[in-house]
Amino acid sequence: MVATVPLVRPDEDPLATATEGQIALASPLEQSVKPPVDNDQRADEIHLVEDAPLEHHMDYRGLAARRVKVKKIITYASALLSCICAGSIMIFALYAPQFQTYMGYSQVQVNLLSILGEAGMYLTTPIVGISADLYGSAILSFIAAILFGVAYSLAAWTYAAHLPYFAMMISFLLIGGGTACMYFGSITACAKTFTSNRGLALGLPITAYGLSSLWQSQIAALFFTDKQSGEVRVPSLFTFFAIFLTTIGFIAAVGYHFGYRPDVEFVAGKKLQPLSVRLEMDEQTPFLDDQGGFGVPSSNRASGLAAEEIDGDDDEDSKTTLLTRRQMILAFASDWTAWGVALALFATIGPGEMFLNNMGSLIRSLSEPYPSAATNVSIISFSSASMRIIAGVISDHFASKTGQRYSRMLVMLFFTALLVFGHFFVGLGGLQISSGRWFWTISASLGAGYGAIFTLAPTVVSLVWGAEQFGTNWGVLFIFPAVGSIVYELIYATIYDYHTHGELLCYGLSCYQATFIITGTSCVLAVIVWACVWRLGWQRRGLFI
């Protein structure tokens with residue numbers, strides 16, 4: 001038996017003449033964009049397909065599916081490689097005290113370097129996210145390689161030659177920008193490539209990012225620490241990062257370039273959403289209901305909407321319409337729950353960043369013997385990384401199990417409450433009472449809460465507002481942890497310097513107590529905000545998160 005397909009005139013676009021049902025039921029592989037060919041070659045290909053046996057079609061489809069699988073593996077491997085190396089900025093606490101003792105910086109100046117690194121990492125994310133959506137992850141990884149090479153080379157030179165403070169400021173700003181490009185390119189590639197088990201798909205690269213500081217802190221302790229003084233050889237460490245991260249950035253850029261990229265179809269010159277996005281309704285691109293809010297379309301509307309042009313005229317009888325890119329951005333910006341998520345991230349990630357970057361000075365404020373900074377950086381990294389993957393797997397299991405399902409927001413509330421415990425334990429004098437012996441519990445609890453929220457928040461964003469604009473939406477929300485980090489680090493530095501009484505270092509509970517009371521209170525606020533956006537926002541709209 002011979003398989004027959006309708007002949008298409010060489011001057012016709014087969015997608016433009018296809019019916020909605022034909023496009024909706026077609027395989028994503030069959031709808032991929034082909035490079036332009038001349039009309040004679042195109043007609044010959046059609047005749048060859050018409051005369052080919054059915055088993056040849058099946059062999060071709062199987063081969064194409066295997067190629068897609070290999071490309072997805074390449075993409076995921078590139079994302080994991082990038083994330084496992086991208087978190088160099090998180091070991092700032094290891095060498096921050098030497099900026100005070102060797103370079104003569106005040107605590108405010110040291111914190112300003114940390115703030116600039118976070119500003120470069122967070123405040124650039126709207127641009128980075130939009131670039132990821134428009135140009136792909138390979139470009140971002142290439143830019144990250146350049147930024148890391150320049151930034152760490154300049155930082156090493158500045159430290160060794162005692163260049164002006166402004167040069168170090170520029171270095172950390174560029175380090176933050178390189179981190180943003182490498183990290184965002186990775187998770188955006190994963191969000192667009194894997195559209196099921198979203199918690200696990202995003203959880204693994206985010207976990208790898210958390211693990212990066214664990215192995216990097218141990219590398220710094222083993223190979224870049226003076227055995228006699230116990231201090232980090234900062235110029236050598238910065239030179240290592242300059243060479244290593246530049247190499248990783250170029251390798252990942254090649255991997256993304258040859259990896260999987262979601263298909264985009266064009267009908268009559270108008271851009272359609274990827275077919276894989278439009279056909280899977282549970283965790284895919286959002287639909288706009290007749291009240292102008294985000295809602296969940298019923299399954300019987302899927303086939304009719306699958307081939308609808310995003311910027312086409314709305315069907316007056318349809319209760320849901322696919323969103324254009326501009327409509328998605330406007331709907332996101334006008335959604336009060338998006339601002340709630342932003343506030344919750346401000347109140348949780350900001351204090352977490354403050355603790356990570358000031359742990360060195362916090363340890364020095366305790367009585368001797370001091371807890372090991374390198375060990376506690378590793379504890380934070382391990383707890384953060386392990387909870388990122390555990391939180392993703394648990395949230396996916398709760399949300400997809402048969403029978404009674406549980407929302408991911410329950411997991412979010414639990415880990416936010418863990419942050420409340422950690423901050424109040426420090427603020428109420430728990431470290432002073434235990435003489436620092438319980439410092440590891442604070443590192444573990446704050447690292448776990450910080451890491452879990454970093455996994456759950458982007459998962460929630462991709463579920464509520466869709467995968468197609470994930471880079472843009474998450475990039476906009478990523479600004480608020482940066483602002484929170486800046487605010488809380490300035491609070492810490494101001495209170496710390498106030499109690500130094502003219503000295504470089506501060507000792508005792510007064511150095512940090514007020515700061516951690518403030519951060520603990522902000523985490524309580526975050527618990528309230530998460531509950532409100534979940535129960536009063538998404539649940540009332542019929543969204544199961």
Side-chain angles (χ1 to χ4, degrees), residues 85-121 144-180 182 212-213 215-249 353 356-364 370 372-374 376-377 485-486 489 492-493 496-497 500 503-506:
C85 301
S88 62
I89 198 170
M90 292 192 293
I91 67 168
F92 181 83
L94 283 182
Y95 50 79
Q98 291 175 234
F99 284 143
Q100 292 177 291
T101 57
Y102 183 77
M103 300 294 288
Y105 298 160
S106 68
Q107 184 64 46
V108 170
Q109 287 179 308
V110 173
N111 276 49
L112 182 58
L113 293 179
S114 172
I115 288 170
L116 287 172
E118 287 156 4
M121 181 169 63
I146 301 299
L147 291 177
F148 276 132
V150 172
Y152 275 114
S153 298
L154 178 59
W157 183 29
T158 302
Y159 190 94
H162 275 82
L163 297 182
Y165 177 71
F166 181 75
M168 193 67 79
M169 294 172 63
I170 296 298
S171 300
F172 275 86
L173 188 64
L174 296 179
I175 290 171
T179 304
M182 188 168 282
S212 61
S213 62
W215 72 264
Q216 287 169 355
S217 64
Q218 294 304 310
I219 289 293
L222 290 174
F223 300 104
F224 298 99
T225 299
D226 188 274
K227 302 303 180 184
Q228 294 180 344
S229 64
E231 294 186 339
V232 177
R233 297 195 302 271
V234 178
S236 299
L237 180 63
F238 285 171
T239 302
F240 165 74
F241 279 140
I243 298 172
F244 176 73
L245 293 177
T246 299
T247 304
I248 294 299
E353 296 278 2
L356 290 175
N357 294 321
N358 292 282
M359 188 181 63
S361 62
L362 179 60
I363 288 175
R364 293 284 184 98
Y370 301 131
S372 170
N376 278 278
V377 168
S485 177
I486 292 171
E489 289 204 37
Y492 178 90
Y496 184 96
D497 279 348
T500 57
E503 302 293 332
L504 281 177
L505 301 177
C506 179

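This structure is a prediction, so every number in the text was calculated from the model and none was measured.
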key: Distance (rounded to the nearest 0.5 Å) between I89 CD1 and L116 CG   = 9.5 Å

Rounded distance (nearest 0.5 Å) linking atom CG of L147 with atom CG of L173 = 9.5 Å

request  = Check whether any side-chain heavy atom of M103 sits under 4.5 Å from a side-chain heavy atom of H162, and report yes or no.
outcome  = yes

ask   = Any side-chain heavy-atom pair from R364 and Q100 closer than 4.5 angstrom?
value = no

key: Ring centroid separation F238 to Y95 under 6.0 Å   = yes

ask   = Do F240 and F223 have ring centroids that are under 6.0 Å from one another?
value = no

Nearest atoms (heavy-atom pairs only) where N111 meets E489 = ND2-O, 3.2 Å

Closest heavy-atom pair and its distance - S171, A155 = OG-N, 3.3 Å

inquiry  = Does any part of the side chain of Y496, heavy atoms only, come nearer than 4.5 Å to the side chain of V110, both counted from C-beta?
reply    = no

inquiry  = I'd like to know if the side chain of S212 pairs up with that of Q216 as donor and acceptor (distance under 3.5 Å, no hydrogens or angles considered).
reply    = no

request  = Take I243 and Y152 through the test side chain to side chain contact (heavy atoms under 4.5 Å, CB included) and record every step on the way to the result.
outcome  = CA-CA 9 Å; I243 298 172; Y152 275 114; over 6 Å; no

ask   = Can you tell me how far the CD1 atom of I363 sits from the CG atom of N358, to the nearest 0.5 Å?
value = 11.5 Å

query = Is L113 close to M169 at the side-chain level, that is, under 4.5 Å between some pair of heavy atoms?
reply = yes

query = Is there a donor-acceptor pair under 3.5 Å between the side chain of Q109 and the backbone N or O of S106?
reply = yes

ask   = What are the two closest non-hydrogen atoms of T158 and A167, and how far apart are they?
value = OG1-CB, 3.5 Å

request  = Please name the pair of heavy atoms, one in L94 and one in A220, separated by the smallest distance, quoted to 0.1 Å.
outcome  = CD1-CB, 4.1 Å

ask   = Would you say the side chain of Y492 lies within less than 4.5 Å of the side chain of S361, judging by non-hydrogen atoms?
value = yes

key: side chain to side chain contact (heavy atoms under 4.5 Å, CB included) between F241 and I91, intermediate numbers included   = CA-CA 12 Å; F241 279 140; I91 67 168; 3.8 Å; yes

ask   = Under 3.5 Å, side chain of T246 to main-chain N/O of A145, donor-acceptor pair present?
value = yes

Nearest heavy atoms of A156 and T239, plus distance in Å = CB-OG1, 3.8 Å

task = Decide side chain to side chain contact (heavy atoms under 4.5 Å, CB included) for L112 and Y105; before the verdict, give the C-alpha distance in whole Å, the side-chain angles of both, and the deciding distance to 0.1 Å.
result = CA-CA 10 Å; L112 182 58; Y105 298 160; over 6 Å; no

request  = To the nearest 0.5 Å, tell me how far I175 CD1 sits from I170 CD1.
outcome  = 11.5 Å

query = Between the main-chain N or O of V108 and the side-chain N or O of D497, is there a donor-acceptor pair closer than 3.5 Å?
reply = yes

query = Relative to the ring of F99, is the ring of F172 parallel (under 30°), tilted (30 to 60°) or perpendicular (over 60°)?
reply = perpendicular

request  = Report the C-alpha distance between M168 and L163 in whole Å, list the side-chain angles of each, state the deciding distance to 0.1 Å, and finish with yes or no for side chain to side chain contact (heavy atoms under 4.5 Å, CB included).
outcome  = CA-CA 8 Å; M168 193 67 79; L163 297 182; over 6 Å; no

note = On a heavy-atom basis, the closest approach of F148 and A86 is CZ-O, 4.3 Å

note = Here the gap from I219 atom CD1 to S88 atom OG, rounded to the nearest 0.5 Å, amounts to 13.5 Å

